[in-house]
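Note that this is a predicted model, so its numbers are computed, not measured. Per chain, numbering begins at 1; letters A, B, ... match sequence-line order. We use all heavy atoms of the structure for the numbers below, so side chains are in, but hydrogens, waters and symmetry mates are not.
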Amino acid sequence: MESERYIRQTILKDFGLKSQKKLTKARVLVIGVGGLGIPVLQYLNAMGVGTIGLIDNDVVSLNNLHRQVLFSEKDINKTKISVAIKKLKKQNSTSKLIGYKLYLSKKNALSIIEKYDLIVDASDNFPTRYLVNDACVILGKPFVYGALHSFEGYVSVFNHKDGPTYRCLFPNPPKSEEIPNCNEQGVLGVIPGIIGNIQALEVVKVIAGIGSPLSGELLIFNGLEQEYHKFKINSLSKNKKIEELKDTYELECSFDNSSISSDAFKELLNSSTEIQLVDVRTTEEYNDYHLKQATHLPLKSIYLNHNSLDFEKTIYFICQSGVRSLEALRFLKKEQPEATLISINGGLNEFRNYDAKH
Amino acid sequence: MKILLFGIAKDIIGTSSLLLKEAEKNPKTVGELKKLISNKYPKFKTLSSIAIAVNSCYAEDKTKLQSSDEIAIIPPVSGG
């Protein structure tokens with residue numbers, strides 16, 4: 001039955017049974033079960049990729065249906081993972097489907113990605129894209145990148161053999177307010193279908209070793225003009241030398257590169273003991289309560305003397321609402337331009353239920 | 001000099017391609033071109049992470065330009 005199932009592609013001279021066997025053995029992880037992830041999953045599953053992992057922590061919404069064509073009205077409010085697995089299982093009972101009902105994070109990225117041969121970045125935000133890149137570089141896994149903006153889509157194969165990485169194209173993330181996402185910008189239903197299908201094709205090419213995968217090239221599709229543009233990207237060796245994940249990926253995408261959300265910082269506090277945290281409020285406020293990891297240096301004193309700070313290490317600044325910590329940061333940035341200084345957004349007001357020490 | 005615009009750059013400038021006329025000061029490097037566009041379209045300055053391609057090859061700020069070159073301005077996009 002199996003040889004019959006795939007016969008229309010195995011009779012292709014440049015594909016054959018040999019390539020089909022490679023697909024059967026392959027383990028592919030699809031990050032994001034949305035506009036891009038769905039066409040990738042449907043085609044990889046139909047074509048006989050043996051093991052497919054899928055990651056998403058979202059539920060199906062009404063406004064997903066115009067582009068996420070695996071889902072129907074009855075699926076609204078159900079988890080995407082459970083619906084997708086059920087439907088993909090019906091489509092092909094022979095494939096092994098592994099669902100991860102979670103968001104990719106610094107904590108789980110390496111342990112999940114290492115189980116797969118090839119990764120598909122079908123996510124919808126910059127922090128995840130940079131996390132996928134760095135984790136794939138660390139683990140030596142190629143990944144097929146796809147991203148959308150209005151009527152356009154970008155596709156490339158990164159970290160494939162000696163080819164470039166996402167950071168060779170865009171070394172650092174933009175600030176969060178610079179580039180709108182699909183929710184703000186809008187997306188025409190069929191565009192992710194086209195881009196996701198191109199990603200699925202690249203996955204098959206890399207696994208089967210056929211054709212020329214889009215490694216070292218960025219493909220941009222313009223749906224309004226039906227135009228494809230290809231741009232050559234050089235591989236920079238420094239971007240292949242990532243040894244560990246960054247402390248946080250949220251940070252790079254927050255309001256500016258020098259602030260962190262209180263949630264991301266809480267995660268950091270829980271995972272790391274050695275954090276240089278400076279509380280810049282007044283002595284009265286500090287004595288009233290403070291985070292146990294915080295040392296005290298009131299803003300007024302910072303202007304006069306900040307020798308007690310270790311500028312070789314990252315310094316986090318906190319105040320009550322996030323205003324004075326930013327002031328401290330702006331002042332010190334001029335004095336110590338090389339230092340990594342980060343202000344905690346929203347300040348201690350965001351930590352009301354956290355372990356504040358009285 | 002023809003300039004192709006993608007992503008948010010297209011939205012900011014309001015067209016998918018621009019022709020820099022001979023009368024305009026021809027930028028000699030990619031860096032100069034970025035400045036020229038930023039002066040004309042101040043919102044462009046807010047983009048901190050942009051890739052530029054010259055004749056379909058990724059270029060750096062110091063890459064030299066000729067009037068016959070085709071430039072592409074490629075901002076990052078995140079949608080999925």
Side-chain angles (χ1 to χ4, degrees), chain A residues 31-37 121-129 146-154 164 166 168-187 191-192 195-196 216-218 220 222 224-225 227 229-234 236 252-253 256-257, chain B residues 1-20 27 29-31 33-35 37-66 68-80:
Chain A
I31 296 167
V33 183
L36 293 172
D121 176 8
S123 67
D124 63 358
N125 62 83
F126 288 113
T128 304
R129 293 187 183 286
L148 306 167
H149 180 92
S150 301
F151 302 95
E152 287 172 7
Y154 292 14
Y166 184 50
C168 297
L169 178 62
F170 299 116
N172 295 301
K175 295 168 195 162
S176 66
E177 69 280 13
E178 275 178 42
I179 312 286
N181 61 33
C182 274
N183 296 345
E184 300 154 2
Q185 179 78 13
V187 58
I191 301 287
I195 299 303
E217 287 179 310
L218 173 70
I220 301 185
N222 174 345
L224 286 182
E225 309 299 330
E227 279 175 351
H229 301 265
K230 277 210 265 185
F231 301 100
K232 286 206 167 62
I233 316 164
N234 297 325
L236 300 173
E252 295 183 297
C253 198
D256 61 29
N257 281 344
Chain B
M1 194 175 287
K2 190 180 179 188
I3 304 171
L4 304 173
L5 303 158
F6 297 98
I8 190 83
K10 181 173 158 185
D11 300 342
I12 288 174
I13 296 175
T15 172
S16 60
S17 71
L18 272 179
L19 265 182
L20 272 195
T29 62
V30 166
L33 175 75
K34 280 185 180 169
K35 271 187 205 152
I37 296 176
S38 296
N39 288 339
K40 222 169 162 181
Y41 305 93
K43 243 187 135 180
F44 193 83
K45 261 185 232 167
T46 61
L47 304 178
S48 62
S49 166
I50 284 190
I52 305 275
V54 178
N55 301 325
S56 299
C57 290
Y58 186 92
E60 292 173 29
D61 280 359
K62 61 180 187 217
T63 304
K64 292 207 163 53
L65 295 179
Q66 292 176 338
S68 58
D69 287 338
E70 185 179 81
I71 319 291
I73 297 180
I74 308 169
V77 302
S78 77

Novice: For B/Lys34, does the NZ atom sit with more than 12 other heavy atoms under 6.0 Å from it, leaving out its own atoms?
Specialist: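 Yes.
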
Novice: Find the one option among A/Gly37, A/Gly153, A/Ser123, A/Gly34 whose heavy-atom pairs under 4.5 Å with chain B are most numerous.
Specialist: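 Of the candidates given, the most pairs with chain B belong to A/Ser123.
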
Novice: To the nearest 0.5 Å, what is the distance between SG on B/Cys57 and CD on A/Glu217?
Specialist: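 Answer for the SG-CD pair, B/Cys57 versus A/Glu217, is 9.5 Å.
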
Novice: Measuring from atom CD of A/Glu152 to atom CG of B/Asp11, what distance do you get when rounded to the nearest 0.5 angstrom?
Specialist: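 Taking CD in A/Glu152 and CG in B/Asp11, the distance rounds to 8.0 Å.
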
Novice: Which atoms form the tightest heavy-atom contact between B/Pro76 and A/Tyr166, and what is the distance?
Specialist: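 Looking at all heavy atoms of both residues, the shortest contact is CB-OH, 4.5 Å.
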
Novice: Which one of A/Ala147, A/Pro192, A/Gly35 has the most heavy-atom pairs closer than 4.5 Å to chain B?
Specialist: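 Highest number of heavy-atom pairs under 4.5 Å: A/Ala147.
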
Novice: Taking all atoms of both residues into account, what is the closest heavy-atom pair of A/Leu36 and B/Gly79, and its distance?
Specialist: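 Of all heavy-atom pairs spanning A/Leu36 and B/Gly79, the closest is CD1-O, 4.0 Å.
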
Novice: If only atom types and distance count, is the side chain of B/Ser49 paired as donor or acceptor with the main-chain N or O of A/Asn172 below 3.5 Å?
Specialist: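 At least one qualifying donor-acceptor pair exists.
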
Novice: For A/Phe231, does its backbone N or O pair with a side-chain atom of B/Tyr58 as donor and acceptor, under 3.5 Å?
Specialist: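 The answer is no, because no donor-acceptor pair under 3.5 Å joins these two groups.
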
Novice: Heavy-atom distance under 4.5 Å to chain B: side chain of A/Ile220, backbone, both or neither?
Specialist: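 Contact with chain B involves the side chain of A/Ile220 alone.
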
Novice: Heavy-atom pairs under 4.5 Å with chain B - which of A/Pro171, A/Cys168, A/Gly32 has more of them than the others?
Specialist: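 The residue among A/Pro171, A/Cys168, A/Gly32 with the greatest pair count is A/Cys168.
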
Novice: Checking A/His229 against B/Ile74 for the side chain to side chain contact (heavy atoms under 4.5 Å, CB included) test, could you report, in this order, the C-alpha distance in whole Å, the side-chain angles of both residues, the deciding distance, and whether it holds?
Specialist: CA-CA 11 Å; A/His229 301 265; B/Ile74 308 169; over 6 Å; no

Novice: If I take atom OG from residue B/Ser48 and atom CZ from residue A/Phe170, how far apart are they, to the nearest 0.5 angstrom?
Specialist: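 Going from OG on B/Ser48 over to CZ on A/Phe170, the span is 11.0 Å.
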
Novice: Which atoms of A/Asp121 come close to chain B, meaning under 4.5 Å heavy atom to heavy atom: side chain ones, backbone ones, both, or neither?
Specialist: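 It is neither, since no heavy atom gets under 4.5 Å.
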
Novice: Closest heavy-atom contact between A/His149 and B/Val77?
Specialist: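 Heavy-atom minimum between the residues: CB-CG1, 3.4 Å.
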
Novice: Using heavy-atom distances under 4.5 Å, tell me whether B/Lys10 contacts chain A through its side chain, its backbone, both, or neither.
Specialist: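 The answer is the side chain of B/Lys10.
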
Novice: Is A/Ile191 close to chain B through its backbone or its side chain, or both, or neither, when contacts mean heavy atoms under 4.5 Å?
Specialist: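 Contact with chain B involves no heavy atom of A/Ile191 at all.
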
